[in-house]
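First comes the structure, then the notes that go with it.
Values below: all heavy atoms of this structure, side chains included; hydrogens, waters and symmetry mates excluded. In what follows, every chain begins at residue 1, and chains take the letters A, B, ... in the order their sequences are listed.
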Amino acid sequence: MSLALFRSLPVSVVQVSLAAVLACGQSFRWTVIPLGSEEPPTHEYRLCLRDRVVCLRQTPEHFYYRAVYPDSQPTHDQVSTREKETVAWIKDYFQLDVDLTLLYQDWSTRDHHFATLQDRFGGIRILRQDPWENLISFVCSSNNNISRITKMVNSLCKEFSPPLLTLESPVADEKHAYHPFPPPSVLAVPEVSAKLRSLGFGYRAEFIQRTAQMLMEAHGTTSKPDAVREPGEIWLESLRKLTTQEARDELLKFHGVGRKVADCALLMSLDKKEVVPIDTHVYQLAVKYYGVKAPSKGKATMSNKIYDEVSAKLHSIWGEYAGWAHSVMFTSDLKSFSSYGLPTPSSSVSISTEEIIKEAVTDTLTKRKRLSDDTIEKTPRIAPQPAVSTTHDLVDTIKKRRRVVRVSGISTP
DNA sequence: AATCAACCGCCC
DNA sequence: GGCGGTTGAT
């Protein structure tokens, strides 16, 4: 598959880094295909929408995009319309009207710790996702990890949504079926929970089915046969027009949706850019870098009070786009211990390890120049040692290293 | 109003 | 023992 079938759109990698943004735990449905090329584009990214599969590649200054449809003989007018729609979708989904460089500047001024990260983790922004898919995806996220959430969401689509089309790999001689995200009406039927259980969803199975059912009961089972979206989906999207608290109150009514999941949906699909979702991980970061007091009883479950305090604190530090800044923080920590999302573990681990080593050295040097600063610098995450075989090995390596570093007194208490 | 165990499944 | 938590009961 040559680049000839793709069209280009001028988008700097400074504004959007597909490699980071599409694999950092916002959306769980993008497939990443390594192209085996040394020069960019190195990967192709694909997402199945309701009526088309969007394919993206990235070079330093451009997106290359195309969309694939089920029918093979579109009219001339269709081609033209679809082209416009795809471009419009890309601009909307990636929120290209938002200038990330201005935001990074602002955050760096407000937050010294952010400033130490901005160069290595550029192009990280919030996607503007479909609210229904976003909500259900994050219902899956409770007590869970990104790897498994991804598997669950994909099996959800495969099981409950017929394939829109099949598409060959650009490199290997193999075909892959692309399934849209199933609509509320499909997941609302009672038998769904048992099926989800059998698919390994655990206690989240009932949450998903009940949430879908609630949405159907509250906002109509009747959608016109030719309607693209169901009433429940349209209602969910209408929450964009409400205030943050009003929209949050609505989301919290659903089963499996607590404060954290609601906040993720508010930030990632309902335009609430100031919302900072607090998970255990972000909580740790807040304790480490932003003077939030550590949980008193070791690892107590996050109370509403603590949640509000931490979220408000980070909001006040980062400002109007605090939720966006949060995603940079979150992703920076993710990337430092995982090459998740890149389908060639060995090669990508070694690549990112190289980068990390380089940055770690830089950090160490920086830190020694400012030992008086009370800001805790990033500790060297990975020693210049042989590549690790798995993500977990990598995590363990980092954990051990952190302990060593702490004991040796390099890190500020 | 604030705490706390239980909850699925998968990995260490 | 722990995951990017939520629920229902105290």
When the distance from [atom1] of [X] to [atom2] of [N] is rounded to whole Å, what number comes out?
| X | N | atom1 | atom2 | value |
| --- | --- | --- | --- | --- |
| I208(A) | dG5(C) | CD1 | P | 15 Å |
| I306(A) | dT3(B) | CD1 | C1' | 12 Å |
| H281(A) | dG2(C) | NE2 | P | 16 Å |
| F207(A) | dC7(B) | CZ | C1' | 8 Å |
| M302(A) | dT7(C) | CE | P | 15 Å |
| D308(A) | dA1(B) | CG | P | 14 Å |
| F201(A) | dC7(B) | CZ | C1' | 16 Å |
| D279(A) | dG2(C) | CG | C1' | 14 Å |

Give me the distance, rounded to whole Å, that separates [N] from [M] when you measure between the [atom1] atoms they each carry.
| N | M | atom1 | answer |
| --- | --- | --- | --- |
| dT6(C) | dC11(B) | P | 23 Å |
| dG4(C) | dA2(B) | P | 27 Å |
| dA9(C) | dC8(B) | P | 15 Å |

N/O donor-acceptor pair, side chain K260(A) with base dG4(C), under 3.5 angstrom: yes
Is there a donor and acceptor pair closer than 3.5 Å between the side chain of Y203(A) and the base of dG5(C)? yes
Gap separating the CZ atom of R46(A) from the CG atom of L167(A), nearest 0.5 angstrom: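 Taking CZ in R46(A) and CG in L167(A), the distance rounds to 4.0 Å.
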Taking atom OG1 of T150(A) and atom CG of N154(A), what is their separation to the nearest 0.5 Å?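 Between T150(A) OG1 and N154(A) CG, I get 7.0 Å after rounding to 0.5 Å.
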Can you check whether F28(A) and F138(A) have ring centres sitting under 6.0 Å from each other? yes
Closest-nucleotide ordering on DNA chain C, the 5'-leading residue of R210(A) and N143(A): N143(A)
When you measure from the centre of the six-membered ring of F181(A), is the NZ or CZ of R29(A) under 6.0 Å away and within 45° of the axis? no
Before giving the answer on side-chain contact (heavy atoms from CB on, under 4.5 Å), spell out for S169(A) and I33(A) the whole-Å C-alpha distance, their side-chain angles and the decisive distance to 0.1 Å. CA-CA 8 Å; S169(A) 163; I33(A) 305 164; 4.3 Å; yes
For [X], report the nucleic acid contact type (base, sugar-phosphate, nothing); a contact means any heavy atom under 4.0 Å.
| X | result |
| --- | --- |
| R197(A) | sugar-phosphate |
| V257(A) | sugar-phosphate |
| F254(A) | sugar-phosphate |

Counting Watson-Crick and G-U wobble pairs only, both distances under 3.5 Å, name the nucleotide matched with dC10(B), or none.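 Paired with dG2(C).
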Look through every strand shown and name the nucleotide pairing with dT3(B) as Watson-Crick or G-U wobble, where both distances are under 3.5 Å.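 Matched dT3(B) with dA9(C) under the 3.5 Å cut-off.
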Does R148(A) make a side-chain N or O approach to OP1 or OP2 of dC11(B) shorter than 4.0 Å?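 Checking dC11(B) against R148(A), no side-chain N or O comes under 4.0 Å of OP1 or OP2.
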Should S142(A) be listed as having a side-chain N or O under 4.0 Å from OP1 or OP2 of dC3(C)?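 Looking at the OP1 and OP2 atoms of dC3(C), neither is under 4.0 Å from any side-chain N or O of S142(A).
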If you draw a 6.0 Å radius around CZ in R7(A), do more than 12 non-hydrogen atoms from other residues or ligands fall strictly inside?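 Open.
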